[in-house]
Amino acid sequence: MKARIHVTLKNGVLDPQGKAIEHTLSSLGFDGVNEARQGKFIELDIAETDEVKARETVTAMCEKLLANTVIENYSIDLEQ
């Protein structure tokens, strides 16, 4: 099963990389970008066929390693 995890900073957390992206896009002539937020994308191929168990396993991975839950949110998409 494939697990796709999107990790983003929580609202209100400063995002210096996002600000740098926003500024650079503007300096390259891409006007109209009001805000840029940077995150990370993780794709895992896991040996689990049960969707409930897979979600539980990937959630544990996110809570323990893949996301800093104090300042980051994460979402999980599963695909057979």
Side-chain angles (χ1 to χ4, degrees):
M1 182 170 287
K2 291 255 189 220
R4 293 181 179 88
I5 303 138
H6 296 268
V7 181
T8 56
L9 289 171
K10 291 182 177 181
N11 288 335
V13 175
L14 295 178
D15 185 357
Q17 290 176 318
K19 284 293 180 196
I21 292 167
E22 183 182 325
H23 175 73
T24 303
L25 287 172
S26 178
S27 69
L28 291 172
F30 295 101
D31 297 326
V33 176
N34 296 323
E35 184 179 21
R37 302 284 286 172
Q38 185 267 338
K40 57 189 170 184
F41 173 74
I42 302 162
E43 187 172 271
L44 303 173
D45 189 0
I46 58 174
E48 180 59 69
T49 57
D50 182 270
E51 187 172 336
V52 172
K53 288 181 183 178
R55 186 167 301 279
E56 288 173 356
T57 300
V58 174
T59 297
M61 292 175 182
C62 289
E63 296 284 328
K64 292 181 180 182
L65 175 69
L66 302 177
N68 178 348
T69 57
V70 173
I71 61 169
E72 294 175 322
N73 292 319
Y74 63 88
S75 63
I76 301 167
D77 294 316
L78 297 174
E79 180 181 299
Q80 290 287 349

_Co-members of the apolar cluster containing Leu14 [side chain, <4.5 Å]_ = none
*Quick one: ring-ring contact (aromatic ring centres under 6.0 Å, His included) pairs with a partner in residues 37-68, sequence neighbours left out?*
His6-Phe41
*Could you pull out all residues at least two apart from Glu35 that satisfy side chain to side chain donor-acceptor pair (under 3.5 Å)?*
none
*Residues in side-chain contact (heavy atoms from CB on, under 4.5 Å) with Ile71, at least two apart?*
Leu9, Val13, Asn68
_With sequence neighbours excluded, residues passing side-chain contact (heavy atoms from CB on, under 4.5 Å) with Ala36_ = Ile21, Glu22
*With sequence neighbours left out, what residues match His23 under ring pair (Phe, Tyr, Trp, His ring centres under 6.0 Å)?*
none
*asked:* If the condition is ring pair (Phe, Tyr, Trp, His ring centres under 6.0 Å), which residues does Phe30 pass it with, not counting sequence neighbours?
replied: none
_I need the full list of side chain to side chain donor-acceptor pair (under 3.5 Å) pairs touching residues 8-17, with sequence neighbours left out, sorted by first then second residue._
none
_According to side chain to side chain donor-acceptor pair (under 3.5 Å), does anything in residues 69-80 pair up with another residue at least two apart or in another chain? List the pairs._
Arg4-Glu79, Glu63-Tyr74
*Step by step, work out the side chain to side chain contact (heavy atoms under 4.5 Å, CB included) result for Val33 and Ser26.*
CA-CA 7 Å; Val33 176; Ser26 178; over 6 Å; no
*CG/Leu78 to CD1/Ile46 distance, rounded to the nearest 0.5 angstrom?*
6.5 Å
If you look only at distance, which donor and acceptor atoms sit under 3.5 Å apart when one is on a side chain in residues 53-60 and the other is two or more places apart or in another chain?
unit_1 : atom_1 : unit_2 : atom_2 : d
Arg55  : NH1    : Ile76  : O      : 3.3
Thr57  : OG1    : Lys53  : O      : 2.9
Thr59  : OG1    : Arg55  : O      : 2.7

*Search all heavy atoms of Asp50 against all heavy atoms of Met1 and return the closest pair with its distance.*
C-CE, 4.5 Å
*So, do Leu44 and Met61 sit near enough that their side-chain heavy atoms are less than 4.5 Å apart?*
yes
